[in-house]
2 protein chains.
Amino acid sequence: MSKINLSQQGIKNTKQRKCVLEVLEEANSPIDAMEILNRVNEKGVKMWISTIYRILEIFTEKGIVIKNTFFGEEKATYELNKHKHTHYARCLSCKKILEIDLCPMESFIPTVKDEKFYITGHRLEMYGYCDKCNKKRG
Amino acid sequence: MSKINLSQQGIKNTKQRKCVLEVLEEANSPIDAMEILNRVNEKGVKMWISTIYRILEIFTEKGIVIKNTFFGEEKATYELNKHKHTHYARCLSCKKILEIDLCPMESFIPTVKDEKFYITGHRLEMYGYCDKCNKKRG
DNA sequence: TCTTTACTTGCGATTTATTCGCATTTGCAT
DNA sequence: ATGCAAATGCGAATAAATCGCAAGTAAAGA
């Protein structure tokens with residue numbers, strides 16, 4: 001049972017939305033829309049990709065999910081908003097996505113050249129190679 | 001006159017490539033393919049968008065340009081690789097892109113949860129509102 | 001429980017960024 | 001100058017994401 005109450009968010013609690021939510025709760029890294037569709041199908045629920053996109057859009061608006069496009073990728077990924085500050089490292093070889101322990105921004109106040117800028121958030125991605133792929137590279 | 005010698009990079013020195021290079025040299029922030037086409041056209045050079053993409057692809061391969069997709073955007077931007085460590089701040093309202101003075105990563109060694117990970121690079125984006133847009137928001 | 005209605009989804013067409021295919025053209029080494 | 005591999009012109013093809021509309025459904029009220 002999900003901790004997120006959709007009706008409380010002012011949106012209807014449909015079978016499709018519950019299913020997408022379930023998939024996102026079970027995912028252990030950000031996934032794209034097509035992957036969500038696959039996992040939804042595996043649960044025996046039939047849905048159209050446009051519905052998936054519409055659900056993801058409204059979830060993003062409501063702050064339930066976080067949408068992101070990784071460096072060098074063409075499609076967006078989605079993950080549940082855990083309301084905790086998280087960054088990822090992505091393997092350039094196998095594309096695996098790993099969570100980073102610490103955030104360097106906590107003790108850092110950046111300045112923008114010659115301009116005032118009001119920072120509301122930031123995105124940090126590390127890239128490189130995971131242990132396995134690094135060994136293969138030699 | 002450009003400092004970059006295309007023949008030295010093993011690729012032919014065509015009118016089109018020189019023109020794209022010129023546009024990138026004159027740009028003061030990352031721009032997308034269509035914007036490059038516009039600026040090329042303004043210089044009186046006719047080119048197809050597919051040619052722009054092909055040139056950008058080979059420039060990226062050669063390390064002459066850096067391709068990036070900003071948070072929440074659908075299209076990629078391109079900028080000349082200045083071979084210096086740069087990060088940007090992007091205004092969520094007017095989409096202006098500003099350069100950040102410092103890099104917090106310099107004094108930071110991140111660790112990846114339960115895994116070894118060999119970091120070769122990173123990407124950091126700040127987002128928020130520039131002075132002008134912030135005033136409009138009130 | 002039954003209606004009503006506004007919100008959602010099914011379904012497919014459309015848009016937009018980007019890539020591909022192929023004939024023609026053009027750098028550039030000889 | 002000549003020849004050939006590489007690059008471009010041109011347009012068709014892909015793929016991610018969005019849109020439009022009719023039909024279906026959640027949920028608030030009678």
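Letters A, B, ... are given to chains in the order of the sequence lines, protein chains preceding strands, and every chain is numbered from 1.
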5' priority, DNA chain D, between B/Gln16 and A/Lys67 [closest heavy atom]: B/Gln16
First encountered from the 5' end of DNA chain C, between B/Lys15 and B/Glu74: B/Glu74
Set of side-chain hydrogen bond (donor to acceptor under 3.5 Å, both in side chains) partners for A/Glu79, sequence neighbours left out: A/Tyr88
Side chain B/Lys62, main chain B/Gln9, donor-acceptor under 3.5 Å: yes
Chain A footprint on DNA chain C, 5' to 3' - any atom under 4.0 Å from a heavy atom: C/dA6 to C/dG12
Partners passing salt bridge (Lys or Arg N to Asp or Glu O under 4.0 Å) against B/Glu61 (at least two apart in sequence or in another chain): none
Contact interval (first through last nucleotide) of DNA chain D with protein chain A, 4.0 Å heavy-atom: D/dA16 to D/dA27
Test item: A/Asn13 side-chain N/O and A/Leu6 main-chain N/O as donor-acceptor pair under 3.5 Å: no
Whichever of A/Thr14 and B/Ile11 has its nearest DNA chain D nucleotide further upstream toward 5': B/Ile11
Sole residue of A/Ile4, A/Ile11, A/Thr51 in side-chain contact (heavy atoms from CB on, under 4.5 Å) with A/Arg17: A/Ile11
Sugar-phosphate only, base, or nothing, as touched by B/Asp32 at under 4.0 Å among non-hydrogen atoms: nothing
Non-hydrogen atoms of B/Thr77 and B/Pro30 that approach each other most closely: OG1-CB, 3.5 Å
Minimum-distance pair of heavy atoms, taken over all atoms of B/Leu56 and B/Ala33: CD1-CB, 4.1 Å
Side-chain heavy atoms of A/Met34 within contact of A/Ile49, under 4.5 Å: yes
Sugar-phosphate only, base, or nothing, as touched by B/Arg54 at under 4.0 Å among non-hydrogen atoms: base
Those residues of residues 38-50 of chain B lying under 4.0 Å from DNA chain C by at least one heavy atom: B/Ser50
For the student: nearest non-hydrogen atoms of A/Tyr78 and A/Leu24, plus distance: O-CD2, 3.9 Å
Pairs meeting criterion salt bridge (charged side-chain N to carboxylate O under 4.0 Å, His left out) with involvement of residues 28-44 of chain B, two or more places apart: B/Glu22-B/Lys43, B/Glu26-B/Lys43, B/Asp32-B/Lys75, B/Glu35-B/Arg39
Heavy-atom pair of closest approach, residues B/Leu37 and B/Met47: CD1-O, 3.3 Å
Touch class at under 4.0 angstrom, heavy-atom based, for B/Lys12 against every strand present: base
